[in-house]
**Student:** 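The structure under discussion is supplied below as structure tokens; questions concerning it will follow.
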Amino acid sequence: ILAEKAFRKALADNPRDAANQSNLGIALRRQGRLADAERCYATAIAIQPGHAEAHYNLANLLGLQNRDDEAIASYRAALALRPDYVDALYNLGNIHRERKAFAEAVDLYARALSIRPDHYEALNNLGYAQLELGEGDAAIAAFRHATAVEPGTAKAHVNLANALTLGGALDEAHGAFDRAARLAPD
């Protein structure tokens, strides 16, 4: 609520500040006021159509509401303005993966990783999508990279172990499962 007040005060002084409109939208979204947040993002975009973050924030909001087609369009708008927007690439990849459009998801995760090679979540989701496409060796490579990025995360080792099991590398899979068990014994 304090953030909302601060952004409203700033907007009272300069109502055409797209960044503050978008930031007010974030504050309202955090309060669960989704319709109000959406109006703020739309206002920010109307004020400054080239505001990539406003398109991205709108896409996130739309995704929360399972309005995936609209979210995709907003992520694409953000990426048209900022092609190196890693979080937009990653989130757009997630929508495609959820829709079982695995080839598109792989492409988007790969683009995100070309910019931020140690993006742990993108590495994991790349591996999942590659497994769905039958690209086991590529998935294993993605999961290996994920375990290098987050060696203390059991999930990374479990994902690697599962991919190795599917690939028939049972001894190596057993070692990865052991590492995961040591990291998260529950």
Side-chain angles (χ1 to χ4, degrees), residues 3 22-23 25-27 29-30 32 52-66 68 71-72 74-186:
S22 186
N23 288 333
I26 292 170
R29 187 192 75 215
R30 288 181 179 153
E53 289 77 14
H55 289 281
Y56 172 78
N57 291 332
L58 177 59
N60 287 339
L61 179 73
L62 295 167
L64 284 174
Q65 299 174 73
N66 296 315
D68 288 348
I72 287 170
S74 290
Y75 283 128
R76 287 185 178 149
L79 288 165
L81 296 164
R82 223 175 94 195
D84 64 345
Y85 205 149
V86 172
D87 292 334
L89 290 164
Y90 171 72
N91 289 349
L92 184 54
N94 288 342
I95 291 175
H96 284 293
R97 185 174 58 87
E98 290 166 9
R99 289 180 157 202
K100 300 191 184 323
F102 298 113
E104 291 87 348
V106 164
D107 177 60
L108 289 159
Y109 295 138
R111 286 175 54 197
L113 289 163
S114 73
I115 300 161
R116 192 183 316 154
D118 291 341
H119 191 301
Y120 170 75
E121 292 86 1
L123 287 163
N124 265 317
N125 289 353
L126 172 65
Y128 295 141
Q130 289 169 323
L131 281 177
E132 292 291 340
L133 291 172
E135 300 171 0
D137 290 341
I140 289 169
F143 291 135
R144 280 190 203 286
H145 191 169
T147 62
V149 170
E150 293 284 340
T153 303
K155 178 182 174 184
H157 294 281
V158 169
N159 292 339
L160 175 59
N162 287 332
L164 289 165
T165 299
L166 289 172
L170 300 181
D171 288 339
E172 194 176 353
H174 183 72
F177 278 126
D178 283 348
R179 283 187 293 284
R182 283 193 305 274
L183 291 167
D186 298 335

**Student:** Which distance, rounded to the nearest 0.5 Å, do you find between the CD1 of Ile140 and the CD of Glu172?
**Tutor:** 7.5 Å
**Student:** A side-chain contact here means heavy atoms from C-beta on lying under 4.5 Å apart; do Arg111 and Leu113 qualify?
**Tutor:**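 Not in contact.
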**Student:** Is there a donor-acceptor pair under 3.5 Å between the side chain of Tyr109 and the backbone N or O of Asn94?
**Tutor:** yes
**Student:** For Arg99, does the CZ atom have more than 12 heavy-atom neighbours from other residues, nucleotides or ligands under 6.0 Å away?
**Tutor:**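 It does: Arg99 CZ has more than 12 such atoms within range.
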**Student:** What is the distance from atom CG of Asp178 to atom CZ of Arg182, rounded to the nearest 0.5 Å?
**Tutor:** 6.0 Å
**Student:** Quick one: does Val106's side chain get under 4.5 Å of Arg97's, heavy atoms only?
**Tutor:**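 Side-chain contact under 4.5 Å: no.
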**Student:** Can you check whether Leu164 reaches Arg144 side chain to side chain, under 4.5 Å on heavy atoms?
**Tutor:** yes
**Student:** Could you tell me whether the side chain of Thr153 reaches within less than 4.5 Å of the side chain of Leu183, counting heavy atoms only?
**Tutor:** no
**Student:** Can you tell me how far CZ of Phe102 sits from CD of Glu135, rounded to the nearest 0.5 angstrom?
**Tutor:** 11.5 Å
**Student:** Taking the side chain as C-beta and beyond, is there a heavy-atom pair between Asn125 and Tyr90 under 4.5 Å?
**Tutor:**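 SC-SC contact between Asn125 and Tyr90 confirmed.
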**Student:** Atom CG in Asn91, atom CD1 in Ile72: separation rounded to 0.5 Å?
**Tutor:**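 Here the interatomic distance stands at 12.0 Å.
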**Student:** How long is the gap from CG on Leu89 to CD1 on Ile115, to the nearest 0.5 Å?
**Tutor:**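 With rounding to 0.5 Å, CG (Leu89) is 5.5 Å from CD1 (Ile115).
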**Student:** Does the side chain of Phe143 come within less than 4.5 Å of Gln130's, by heavy atoms?
**Tutor:**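 SC-SC contact between Gln130 and Phe143 ruled out.
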**Student:** Given Asn124 and Tyr128, is the side chain to side chain donor-acceptor pair (under 3.5 Å) satisfied, shown in steps?
**Tutor:** CA-CA 6 Å; Asn124 265 317; Tyr128 295 141; 4.7 Å; no
**Student:** In Å, rounded to the nearest 0.5 Å, how long is the span from CZ of Arg29 to CG of Asn57?
**Tutor:**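 If we round to the nearest 0.5 Å, Arg29:CZ and Asn57:CG are 6.5 Å apart.
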**Student:** Any side-chain heavy-atom pair from Glu53 and Leu81 closer than 4.5 angstrom?
**Tutor:** no
**Student:** If we only count heavy atoms from C-beta on, is the Arg116 to Asp84 side-chain gap below 4.5 Å?
**Tutor:** no
**Student:** Is it the case that the side chain of His157 and the backbone of Pro151 share a donor-acceptor pair, with hydrogens and angles ignored and the cut-off at 3.5 Å?
**Tutor:**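 Pair found, side chain donor or acceptor close to backbone of Pro151.
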